[in-house]
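This report refers to the structure that appears directly beneath it.
Proteins get letters first, then strands, A, B, ... in listed order; numbering begins at 1 in each. Please read all numbers here as calculations on a predicted model, not as lab measurements. Side chains included, hydrogens not; waters and symmetry mates left out as well; all remaining heavy atoms used.
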Protein chains: 2
Amino acid sequence: MADDDTSPFTQEEIARAQSYRVRDYPEGTSPEVDALVKDIITGFADKWTFVILDVLWDKGTLRFSEIWREVPEISQKMLTQTLRRMERDGLVIRTLYPSVPPKVEYRLSALGLSLGAAFCNIWVWAIENLDDVRKARERFDSRDA
Amino acid sequence: MADDDTSPFTQEEIARAQSYRVRDYPEGTSPEVDALVKDIITGFADKWTFVILDVLWDKGTLRFSEIWREVPEISQKMLTQTLRRMERDGLVIRTLYPSVPPKVEYRLSALGLSLGAAFCNIWVWAIENLDDVRKARERFDSRDA
DNA sequence: CGGTATCCACTTAGATACTG
DNA sequence: CAGTATCTAAGTGGATACCG
């Protein structure tokens, strides 16, 4: 949003909003980079990626079954799929111990760790604004009661 | 992740990751709050919400058709749906001018603005780590060539 | 202009069965 | 244990037509 005085927000609101933000956008991003970035973001804007990132952030290194225990609502298929995609994107490191039965461990890479840190702000936002969202929903839903 | 010395990351990697993060989690979140927060997050972890949040952040106040012009790939149905949900969640403010033909303007609420600020970090992360992700993908894809 | 309603193609994800 | 393969139910989103 432009930082001129057409802003519909008070200084206080803006300051509060900015408290969730660390850095400014880099200058002069090309439309091409823009598109790629949007691609990456929308690719990661996935329910399970979010949850698994959170779990690995909290617990460190986990086996496949241990992750599953932390997130029982996920199906085995989706867990495998999500982990595979995160591995492909360089977010998690998969270590296979060739024993019988096999043992596979997952942990965040440095890249995944940094993405987790970025997501932290969203998490904090959600906690701090949970009530406002709830109230907004109630207000909206009771408008046509 | 636990901050003990079992961490698989170097101090530098951790410092770098933390540069995307503003605040720590609040202490002692209950499992109940946890679930609600996860709900909100996964509810917002949606492709179009992300894009529209970005557009309104950049442009300020826009009419329905103006948003659509900024995001031509979206269908009218999804645009309406997404905007409606964002309005319900208190993220955007919808102003209807009862003229003929009707004119409807959308802008971020203070709540939406603060969520946008939080998402800013993800955006910055994507820009700065675009290349690493691309390389990781190439490496992964060429492993079984 | 800014929607809503309907229909339909396609994707997605859960359940189940099987395997190295 | 940690997957893969297959089938199917449900959900999602696009196209189209129409409306205040």
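Side-chain proximity of A:Gln76 to the nucleotides D:dT4, C:dA13, D:dG13 is greatest for D:dT4. Taking the side chain of A:Pro102 as heavy atoms from C-beta on, and the options D:dA2, C:dG14, C:dT4, the nearest nucleotide is D:dA2.
Atom CD1 in A:Ile74 sits roughly 15 Å away from atom P in D:dA2 (whole-Å rounding). Computed from coordinates, the B:Met78 CE to C:dT11 P distance equals 16 Å when rounded to whole Å. The CG atom of B:Leu79 sits 14 Å away from the P atom of D:dA15 (whole-angstrom rounding). We find that CZ of B:Arg84 is positioned 8 Å from C1' of C:dG3, with the value rounded to whole Å. A straight line from CG of B:Leu96 to C1' of D:dG20 spans 11 Å, rounded to a whole angstrom. In this structure, the CH2 atom of A:Trp68 is 11 Å from the P atom of D:dG3, given to the nearest Å. B:Glu66 has its CD atom 13 Å from the C1' atom of C:dG2, to the nearest Å. For A:Lys47 and C:dT12, the NZ to P distance is 15 Å, given to the nearest whole Å.
Comparing A:Lys77 and A:Thr80 against DNA chain D, the residue whose closest nucleotide sits nearer the 5' end is A:Thr80.
Each of B:Phe44, B:Trp125, B:Trp57, B:Phe50 was checked for a ring-ring contact (aromatic ring centres under 6.0 Å, His included) with B:Phe119, and the lone residue meeting it is B:Phe50.
With A:Trp68 contributing its side chain and A:Arg63 its backbone, the two residues share no donor-acceptor pair below 3.5 Å.
Counted by atom type alone, B:Thr95 and B:Arg107 present zero donor-acceptor pairs between their side chains at under 3.5 Å.
Counting any heavy atom pair closer than 4.0 Å across all strands shown, A:Tyr97 reaches no nucleic acid atom.
Remark: B:Ser65 is in phosphate contact with C:dG2, judged by side-chain N or O atoms under 4.0 Å from OP1 or OP2. For A:Arg63 and D:dC1, the shortest distance from a side-chain N or O to OP1 or OP2 is not below 4.0 Å. Contact annotation: B:Arg94 reaches the phosphate of C:dG3 (side-chain N/O to OP1 or OP2, under 4.0 Å). Taking 4.0 angstrom as the limit, A:Tyr106 places a side-chain polar atom (N or O) nearer than this to OP1 or OP2 of D:dG3.
Ring-plane geometry between B:Tyr106 and B:Phe64 is classed as tilted, the angle between the planes lying from 30 to 60 degrees on a 0 to 90 degree scale.
Between B:Arg134 and B:Asp131, the closest side-chain pair of non-hydrogen atoms falls below 4.5 Å.
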